[in-house]
Amino acid sequence: WPQDVPWAYEKMAATFATENLWGFVLSGIVEPMRILRYKQGGYTRHHSDYDYQSSDQSKITAIVPLVRRTSWRGGEFFLAGSKIRKTPDEGDCLLFPSFAWHGLSPVTRGVRIVLAAWVAGPRLV
């Protein structure tokens, strides 16, 4: 939570605010950021981070690799409906609307470690 690593939450909140290309109304980071670790064979099926049940729902998702791209193979990030597969490198920040279907192909070598964060806002604005 923010009290444990305030600088990380401040940095992500500033990134969400300044890089909000979609003009979403944002209220803040309302759930803990997570570190996700994908070993060989690890992957994520297509999914959306958008919660249709909540009144304050995820609007923008951020993925920040914490290890160099050369230390693992496979594990390509993809957005459904997009012909471009983007695999950011260590320290890059990939932002996309949380309602976009996305996933990760299986890691074939090494370990892929990323920070995942979400910023929320009121429904439908």
Side-chain angles (χ1 to χ4, degrees):
W1 279 101
Q3 65 273 17
D4 299 325
V5 283
W7 63 269
Y9 281 83
E10 290 167 9
K11 180 79 170 169
M12 287 309 305
T15 300
F16 284 129
T18 60
E19 301 298 328
N20 181 5
L21 305 176
W22 307 274
F24 296 140
V25 175
L26 305 175
S27 53
I29 299 172
V30 296
E31 63 179 89
M33 294 188 292
R34 297 184 193 139
I35 295 182
L36 307 173
R37 186 172 185 239
Y38 300 90
K39 298 178 185 177
Q40 187 172 342
Y43 69 97
T44 302
R45 292 183 181 177
H46 284 92
H47 68 282
S48 168
D49 295 334
Y50 192 73
D51 179 3
Y52 292 91
Q53 305 295 319
S54 171
S55 61
D56 205 29
Q57 49 204 189
S58 180
K59 295 282 188 88
I60 303 173
T61 299
I63 303 293
V64 180
L66 301 178
V67 295
R68 291 186 182 190
R69 177 68 180 103
T70 55
S71 67
W72 46 272
R73 296 230 190 279
E76 293 179 347
F77 176 83
F78 54 88
L79 285 172
S82 174
K83 294 180 181 180
I84 300 171
R85 288 180 177 236
K86 176 66 178 161
T87 305
D89 206 349
E90 179 183 27
D92 292 340
C93 183
L94 177 64
L95 298 170
F96 55 93
S98 297
F99 60 78
W101 284 87
H102 59 283
L104 185 73
S105 69
V107 172
T108 58
R109 182 183 64 80
V111 179
R112 181 182 195 267
I113 303 171
V114 299
L115 172 74
W118 306 266
V119 67
R123 291 181 68 130
L124 307 174
V125 287

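- Under a hydrophobic-cluster definition in which Ile, Leu, Val, Met, Phe, Trp and Tyr are linked whenever side-chain heavy atoms come within less than 4.5 Å, directly or via other members, Tyr43 and Val111 are assigned to different clusters.
- The side-chain contact (heavy atoms from CB on, under 4.5 Å) check on Ala17 picks up nothing, with sequence neighbours excluded.
- The main-chain N or O of Pro122 is found under 3.5 Å from a side-chain atom of Lys59 such that the two form a donor-acceptor pair.
- Crowding of Arg109 atom CZ: a count of heavy atoms from other residues, nucleotides or ligands under 6.0 Å exceeding 12.
- Within the 6.0 Å centre-distance limit, the rings of His102 and His47 are counted as a close aromatic pair.
- Judged purely by atom type and a 3.5 angstrom limit, Thr18 uses its side chain to pair as donor or acceptor with the backbone of Ala14.
- With sequence neighbours excluded, the residues forming a side chain to side chain donor-acceptor pair (under 3.5 Å) with Thr44 are Tyr38, listed by chain and number.
- Grouping the Ile, Leu, Val, Met, Phe, Trp and Tyr side chains by contacts below 4.5 angstrom, directly or via other members, places Tyr50 with Leu26.
- Screening residues 60-69 for salt bridge (charged side-chain N to carboxylate O under 4.0 Å, His left out), with sequence neighbours left out, gives Arg68-Glu90.
- Taking Trp118 as the reference, Asp49 meet the side chain to side chain donor-acceptor pair (under 3.5 Å) condition, with sequence neighbours excluded.
- Partners of Glu10 under the side-chain contact (heavy atoms from CB on, under 4.5 Å) rule, at least two apart in sequence or in another chain, are Pro6.
- Connection of Leu115 to Phe16 is established within a shared hydrophobic cluster, with ILVMFWY side chains joined at heavy-atom distances below 4.5 Å, either directly or through further cluster members.
- Side-chain heavy atoms closer than 4.5 Å link hydrophobic residues (I, L, V, M, F, W, Y) into clusters, and following such links, even through other members, never connects Phe99 to Trp101.
- Thr15 meets the side chain to side chain donor-acceptor pair (under 3.5 Å) test with no other residue; sequence neighbours excluded.
- Atoms CG and OG, on Asp89 and Ser71 in that order, are 8.5 Å from each other to the nearest 0.5 Å.
- Phe77 and Phe96 have their aromatic ring centers within a separation under 6.0 angstrom.
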